[in-house]
Amino acid sequence: MSAPHIPQITLYQTWLRETRGLSFESYDALWRWSVTELDAFWQSIWDYFDLQSPTPRSAVLAANRMPGASWFPGAQFNYAQQVFRHVDKAAAAGFAALISHNEKSLAAGAPPREISWPELRRQVASLALHLKAQGVQPGDRVAAYLPNIPEAMVAFLAVVSIGGVWSICAPDMGTNAVLDRFRQIEPKVLIACDGVSYGGRDFDRSAVLDELRAALPSVQHVIVHGNLDAMKTIAGCADLAAATAKNDAETAAFEPMWLPFDHPLWIVYSSGTTGLPKPIVHGHGGTVIVALALKTLHNDVGCSYHANSWGERYHWYSSTGWVMWNAQMSGLLNGTTCCIYDGNPGGTKDKPDWTTLWRFAAQLGVTFFGAGAAFFANCMKAGIDLSACGDLSCVRALGTTGSPLSAEAQNWGTDQFRNLPARGRSSTQPGPRDWLRQTAGAAAPSGGSDPHAVGERGGDIWWCNISGGTDFAGAFIGGNRELPQVPGEMQCRLMGCAVEAWNEAGEPVIGEVGELVCSQPIPSMPLYFWGDEGNKRYLSSYFDMYPNVWRHGDWLKVTPSGSCIIYGRSDATINRHGLRMGTSELYSAVEALPEVIDSMVVDLEYLGRDSYMPLFVVLREGVALDEAVKAKLNNAIKTALSPRFVPNDIFQVPEIPRTLSGKKQELPIKKLLLGQPIDKVVNRDAMANPGCLDWYVAFALQRQSGVQKNEK
């Protein structure tokens with residue numbers, strides 16, 4: 001019998017007591033210390049994870065302001081350098097860096113693909129040297145159009161190891177949506193795939209690649225990964241397999257370059273309600289230090305070769321178009337084996353199968369299983385039985401984000417794991433735990449613990465429900481292994497995150513729904529938006545309501561016990577099944593059709609309800625909203641954006657409500673449809689066409705009546 005697993009946050013608190021003389025009577029006391037003594041807290045995270053810099057830092061937080069906080073000035077850092085620190089020890093323990101499956105390999109019953117830590121380092125070094133030979137300099141942007149495969153992670157590490165700035169879009173995004181992002185950052189290099197498999201179908205992306213090459217004049221070099229056809233070559237493009245194949249003295253001697261702590265790491269995109277997607281720039285050091293605190297201490301994901309978390313295997317399902325892809329990759333920062341899946345988690349359209357990811361987790365012996373909240377809801381609705389998905393006894397934690405997880409879905413998952421026959425099974429029965437040790441070539445060190453022995457821990461499966469954002473590549477609210485868990489709630493505000501719910505007077509409230517704000521800077525907050533002259537878009541995105549206080553755009557309630565509930569977006573951004581998209585991008589697709597004069601969309605994800613997204617359209621005279629027109633609208637959205645953003649319903653309306661300055665009034669209509677009175681949500685005097693509101697008021701009353709009937 002192995003020793004009991006000690007939660008990572010407990011290890012950290014023990015370290016604080018032994019090295020700093022700091023003891024806290026409760027988590028709330030620890031949290032309050034972390035958000036009031038910022039220098040002491042973030043210095044403790046640096047020291048606890050033994051972060052390295054060849055040059056000394058002159059301060060922890062040199063300038064406490066938002067935006068523009070200055071963290072660890074003088075220090076040097078590199079994301080890839082932190083990853084490579086684990087190569088020798090992880091390899092000596094026999095653990096892989098990346099283990100992956102795709103739809104085809106899992107369906108065929110093939111073994112997973114593994115990349116060892118030394119092989120990861122070699123491939124990264126080879127591609128980094130290739131990029132340097134093509135003239136990539138620190139600060140140059142490298143854009144990627146790749147799915148969730150090991151090659152994407154290799155490419156990212158190669159780019160950032162030489163100071164390049166990374167940016168990625170998922171291949172399920174249409175040409176226009178990708179160009180709206182990449183045109184803004186003027187990439188020097190494009191790394192793309194020839195196609196992608198999803199939902200049982202192959203999608204050739206060579207035509208999109210041609211369009212991207214033609215529309216991005218800044219691109220001087222193109223590298224292609226043969227994701228569908230490894231033997232296919234494209235004229236004028238380098239081959240990714242060849243670029244990562246070098247294995248000589250130069251690759252062996254390669255070291256990531258030291259960069260300023262706040263050197264740009266990547267550009268991610270969080271869309272506003274008007275204009276182009278916001279190109280958000282995060283820095284190397286801030287991203288890493290926040291990721292380590294979140295992933296290790298709060299998500300309880302340990303180092304795979306550490307005795308206390310021996311054999312840890314971390315999975316969070318994501319596409320490369322979601323920041324959870326970045327979060328999945330951050331497991332490498334702490335020496336954790338990352339398990340990645342490329343494909344549809346729900347099977348095919350003809351044969352839906354919500355057991356897919358669970359079978360993947362069972363085969364690989366995943367210990368931390370994360371996905372969007374919508375995934376768990378779909379599993380529940382499909383009525384799947386986890387006991388038929390293989391041996392899931394290794395899974396000791398479930399992670400969710402993207403949208404609020406309902407209490408019903410959480411209870412369903414808890415009951416499923418409670419009833420698994422594999423939990424607490426006899427150690428003489430072979431299973432993933434034994435397979436892990438066999439493939440690792442070693443057993444856990446004497447006296448070490450086995451994180452896979454869920455049954456030995458007792459109690460229900462732990463849910464790590466988090467809420468954060470692409471905006472700061474982190475989470476504000478999340479989990480704590482040592483706190484009680486209540487279905488439908490998140491356990492706590494995270495250390496270092498001065499998060500509060502503010503009422504309309506700008507006052508913090510407990511037990512009431514308010515605006516989610518953060519009153520102190522966090523190291524991973526954006527450095528700036530790319531090309532944002534005078535920080536205008538940055539300031540208007542987070543600081544227009546409360547100067548010098550970050551307003552995140554979520555409705556939050558902090559309970560008297562310290563737990564938290566997110567009630568959806570407080571702005572008009574679409575948060576569709578965990579993926580965010582600006583309304584302007586959908587309008588571009590819809591209003592390009594000759595039949596459409598005007599349009600408006602709102603997402604009614606709120607109070608734990610499923611997302612409901614109606615699209616309102618004004619059609620040209622003589623055009624009726626029949627099934628053919630609806631299909632045309634849906635196809636336009638699928639092609640330009642993604643099938644994920646197809647609306648639930650489409651309604652033909654006389655007019656779209658607009659302000660005197662011509663802006664669509666999405667947020668007032670959203671509030672109206674959520675049940676607030678019309679006079680509370682909109683000022684008719686500030687409208688260009690107040691008479692059109694009657695239609696929406698009638699529609700809201702009809703919808704509210706239907707919702708109330710369904711809830712009874």
Side-chain angles (χ1 to χ4, degrees), residues 86-87 90-91 93-124 146-155 157 193 196-198 200 225-228 230 240-241 244 301 304-305 310-320 324-325 328-329 331-332 335-347 353-371 375 386 389-397 399 422 430-442 451-452:
H86 302 286
V87 170
F95 293 118
L98 300 175
I99 308 178
S100 66
H101 256 312
N102 58 32
E103 284 187 358
K104 294 178 180 178
S105 63
L106 186 67
R113 176 185 171 197
E114 295 195 16
I115 297 181
S116 70
W117 285 87
E119 175 63 8
L120 175 67
R121 188 190 183 285
R122 185 202 62 74
Q123 289 190 28
V124 168
L146 295 169
N148 184 26
I149 53 178
E151 286 79 5
M153 295 189 177
V154 168
L157 290 170
C193 62
V196 65
S197 298
Y198 192 85
H225 169 60
N227 196 46
L228 293 182
L240 183 61
T244 56
V301 177
S304 295
Y305 59 83
W310 186 260
E312 187 86 271
R313 289 194 168 182
Y314 169 55
H315 166 73
W316 201 301
Y317 175 77
S318 178
S319 77
T320 50
M324 293 313 297
W325 177 80
Q328 166 77 85
M329 185 166 53
L332 297 172
T336 308
T337 298
C338 294
C339 302
I340 58 179
Y341 180 78
D342 178 39
N344 190 334
D353 181 7
W354 290 98
T355 70
T356 301
L357 279 186
W358 298 108
R359 291 184 286 105
F360 162 83
Q363 185 188 10
L364 270 61
V366 166
T367 58
F368 186 106
F369 180 98
F375 168 80
L386 293 190
C389 297
D391 187 349
L392 291 167
S393 63
C394 288
V395 178
R396 60 179 182 81
R433 201 184 325 170
D434 310 285
W435 178 79
L436 278 166
R437 287 179 172 171
Q438 291 167 7
T439 56
H452 321 301

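- Applying the salt bridge (Lys or Arg N to Asp or Glu O under 4.0 Å) criterion to Glu119, with sequence neighbours excluded, gives Arg122.
- Residues Pro345 and Tyr198 approach most closely at CD-OH, 4.0 Å, considering heavy atoms.
- Lys104 places a side-chain heavy atom less than 4.5 Å from the side chain of Ser197.
- Proximity of a side-chain donor or acceptor of Thr244 to a complementary backbone N or O of Leu240 within less than 3.5 Å is detected.
- Within the model, atoms CG of Asp353 and SG of Cys389 stand 8.0 Å from one another, a figure rounded to the nearest 0.5 Å.
- In plain terms, the two heavy atoms of Gly343 and Tyr317 that are nearest each other are O-OH, 2.5 Å.
- Residues Pro150 and Arg113 form a side-chain contact, since some pair of their non-hydrogen atoms from C-beta on lies under 4.5 Å apart.
- The shortest side-chain heavy-atom distance between Trp117 and Arg121 does not fall under the 4.5 Å cut-off.
- Summarising the geometry of Trp316 relative to Ala371, their closest heavy-atom pair is NE1-N, 3.3 Å, with the distance given to 0.1 Å.
- Between atom CG of residue Leu106 and atom CD of residue Gln363 there is a gap of 6.0 Å, rounded to the nearest 0.5 Å.
- Contact between Ala96 and Glu114 at its shortest, heavy atoms only, is CB-OE1, 3.6 Å.
- The two residues Leu364 and Ile99 make their nearest non-hydrogen contact at CD2-CG2, 3.5 Å.
- For the atom pair CH2 of Trp354 and CG of Leu386, the computed distance is 13.5 Å after rounding to the nearest 0.5 Å.
- The distance from atom CG of Asn344 to atom CG of Asn102, rounded to the nearest 0.5 Å, is 13.0 Å.
- Proximity of Phe95 to Glu312: side-chain heavy atoms (C-beta onward) are nowhere separated by under 4.5 Å.
- Residues Asp342 and Ser100 fail the side-chain proximity criterion, which asks for heavy atoms closer than 4.5 Å.
- Two residues are said to be in side-chain contact when any heavy atoms from C-beta on lie closer than 4.5 Å; Tyr341 and Glu103 meet this criterion.
- Note that CD1 of Ile149 and CG of Leu98 are 11.5 Å apart. Values are rounded to the nearest 0.5 Å.
- Looking at Phe360, Phe368, Trp358 one by one, the single match for ring-ring contact (aromatic ring centres under 6.0 Å, His included) with His315 turns out to be Phe360.
- Side-chain contact between Ile340 and Met153 is present, with heavy atoms from C-beta onward closer than 4.5 Å.
- Here the shortest heavy-atom pairing between Gly347 and Thr356 reads N-OG1, 4.0 Å.
- Here the OH atom belonging to Tyr314 is positioned 9.0 Å from the OG1 atom belonging to Thr336, to the nearest 0.5 angstrom.
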